[in-house]
> 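There's a structure below that I have some questions on.
We use all heavy atoms of the structure for the numbers below, so side chains are in, but hydrogens, waters and symmetry mates are not. We name chains A, B, ... by the order of the sequence lines, and we start the count at 1 in each one.
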Protein chains: 2
Amino acid sequence: MSTKNKILDSAESLFADKGFNGTSLREITSQAEVNLAAVNYHFGSKKELIKAVMSRYMNELSPRLETALTQVCNTESPSLIDVFSAFIEPLLSLNDFKTKGTSNFLQLLGRGYTDSQGFLRWFLTTQYPGVIDNFVLAVQKAYPELNAEEMFWRLHFTMGTVVFTMSSSDALIDIAKSDFDRNLQISDVIRNVIPYVAAGVGAPMPSSATA
Amino acid sequence: MSTKNKILDSAESLFADKGFNGTSLREITSQAEVNLAAVNYHFGSKKELIKAVMSRYMNELSPRLETALTQVCNTESPSLIDVFSAFIEPLLSLNDFKTKGTSNFLQLLGRGYTDSQGFLRWFLTTQYPGVIDNFVLAVQKAYPELNAEEMFWRLHFTMGTVVFTMSSSDALIDIAKSDFDRNLQISDVIRNVIPYVAAGVGAPMPSSATA
DNA sequence: AAGCAGTTTAAACAAGCGTTTTAAATAACG
DNA sequence: CGTTATTTAAAACGCTTGTTTAAACTGCTT
């Protein structure tokens, strides 16, 4: 295993656990068993390391996601459940790509949104615009009555639900075990959240006739 | 204005903007125009200052919230919209209590959940258990078919939606202005999110007969 | 007026941070 | 084999953090 990959792996798990700001380069290089200066040598700076960690996942995920969302758009009359379910297989495929891949990535997503404000929005919209565009198209096809403004709000609410849930998924899984004696995994959390966000996005328009 | 209150006010707005970890005591005391050591003199530590900022709001909010939720429980057959709408008046009343009170508090809530993991959960469950208990009771009355496990998940999803939305409400309001030419306030965001979370919590049970 | 508790002040502390610098070890190649 | 380029290593840099210290100042009571 190369020094570069050892750093990426350690950074990924530590970032997911403790956030970007909450993780020091010394923690990362210590866990990776490499020298402290190796981070700046290989990546230039901490910020570039963060981007490298995120890109490794997004490059794996975004083509699968775009394909799945395009397929939904090409079906006859997709439901919102169909749209959100399109995320399942691409997200779970990250577990083949890397151990704990799915949960690590989803937690990183949450960290990127809350740690340094605006970073994730910039990262996704500038680096991977195709994913968002396809997603909006799929939602429009599933719920054409939703106007642009309502769509804007509800997609942000959904982003919040997913990002927040995933950034605290470890705690939620622990509570589910102690309170309900259920041994759940990240895939169960994903399957649980889909009916919720689908119902939220699919809520009737506030001041219009029923769809 | 006392030194103590100057610190509380500056800490509140800076914490809401940049998070607890992202705000230094020197920023706070500089904006408050008091000496650096005043924080440790009056509050003991930064952690105690955070608690003091949160308590100032919760002591104002929790009795109003408990009253409103109890009233909902005492109505004949409340809807989930009724339950969540019970939050509106108590939350907006924080604007009478303090300038920008509502949005500051809701952003602080989000920071407390994401900044240092588990702090807010501990704070709310140990310091203000009555609010959560009344909330759960109200949801149970509005949607009795929801079993404990589903309730657990959906309330956490809702927490995520609200907390995340509010912690980025400033950005959302800005986007709404530039994209749709709408001048919105925090109260509009609250009213927008209610149908979403009500529909999410009210989603049909996954593997049971329709309610 | 003297004394005293309550506050405020400026300065310093120890620790941690990201980054840079130096030199030594390793690998690649003509 | 010898030279060059790459990679590692340890130490130090400059800076910021939360916290503490000790002295000065405040306003009140005796």
> Give me each pair satisfying salt bridge (charged side-chain N to carboxylate O under 4.0 Å, His left out) with a member in residues 22-42 of chain B, each pair once, sequence neighbours excluded.
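Non-adjacent pairs meeting salt bridge (charged side-chain N to carboxylate O under 4.0 Å, His left out): Lys18(B)-Glu27(B).
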> Indicate, with a heavy-atom threshold strictly under 4.0 Å, whether Thr23(B) touches base, sugar-phosphate, or nothing.
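Sugar-phosphate only.
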> For Gln127(B), look at atom CD and say whether over 12 heavy atoms of other residues, nucleotides or ligands are found less than 6.0 Å away.
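Counting other residues, nucleotides and ligands, CD of Gln127(B) exceeds 12 neighbours.
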> Output all residues satisfying salt bridge (charged side-chain N to carboxylate O under 4.0 Å, His left out) with Lys98(B), sequence neighbours left out; order by chain, then residue number.
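Lys98(B) satisfies salt bridge (charged side-chain N to carboxylate O under 4.0 Å, His left out) with Asp9(B), Glu12(B) only.
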> Quickly work out the Asn35(A) CG to dT26(C) P distance and round it to whole Å.
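In whole Å, dT26(C) P and Asn35(A) CG are 14 Å from each other.
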> Think Ser24(A) has a side-chain N or O under 4.0 angstrom from the OP1 or OP2 of dC17(C)?
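True: Ser24(A) side-chain N/O within range (under 4.0 Å) of dC17(C) OP1/OP2.
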> Roughly, in whole Å, what's the span from OH in Tyr41(A) to C1' in dT8(D)?
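Going from Tyr41(A) (OH) to dT8(D) (C1'), I get 10 Å.
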> Can you measure Lys47(B) atom NZ to dT17(D) atom C1' for me and round it to whole angstrom units?
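Distance check: Lys47(B) NZ to dT17(D) C1' gives 16 Å.
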> Taking any heavy-atom pair under 4.0 Å as a contact, classify Ala38(A): base, sugar-phosphate, or nothing.
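It contacts nothing in the nucleic acid.
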> Which of parallel (below 30°), tilted (30 to 60°) and perpendicular (above 60°) describes Phe157(B) and Trp153(B)?
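Correct class here is tilted.
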> Strictly below 4.0 Å: does Thr3(B) bring a side-chain N or O up to OP1 or OP2 of dT8(C)?
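Checking Thr3(B) against dT8(C): at least one side-chain N or O falls below 4.0 Å of OP1 or OP2.
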> For atom CG of Asp96(B), decide whether the heavy atoms of other residues, nucleotides or ligands shown that lie under 6.0 angstrom number more than 12.
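More than 12 within 6.0 Å, yes.
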> Is it the case that the side chain of Ser10(A) and the backbone of Ile7(A) share a donor-acceptor pair, with hydrogens and angles ignored and the cut-off at 3.5 Å?
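The answer is no, because no donor-acceptor pair under 3.5 Å joins these two groups.
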> Rounded to whole Å, please give me the gap between CG in Asn40(A) and P in dA9(D).
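About 15 Å, once rounded to whole Å.
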> Below the 4.0 Å mark, does dT8(D) have OP1 or OP2 next to a side-chain nitrogen or oxygen of His42(A)?
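Indeed, a polar side-chain atom of His42(A) lies that close.
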> In residues 25-33 of chain A, which ones come under 4.0 Å of DNA chain D, going by heavy atoms?
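Those residues are Arg26(A).
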> Using whole Å, report how far CG of Leu14(B) lies from P of dG18(D).
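That distance rounds to 12 Å.
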> In whole Å, what is the span from the NZ atom of Lys4(B) to the P atom of dT7(C)?
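In whole Å, dT7(C) P and Lys4(B) NZ are 9 Å from each other.
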> If we count only N and O atoms by modelled type, under 3.5 Å, do the side chains of Asp82(A) and Ser85(A) hold a donor and an acceptor together?
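Looking only at side-chain atoms, Ser85(A) and Asp82(A) do not form any donor-acceptor pair under 3.5 Å.
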> Rounding to an integer number of Å, can you tell me how far Asn21(A) CG sits from dT17(D) C1'?
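Value for this atom pair: 14 Å.
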> dT7(C) P sits how many Å from Phe43(B) CZ, rounded?
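So the CZ-P distance, Phe43(B) to dT7(C), works out to 12 Å.
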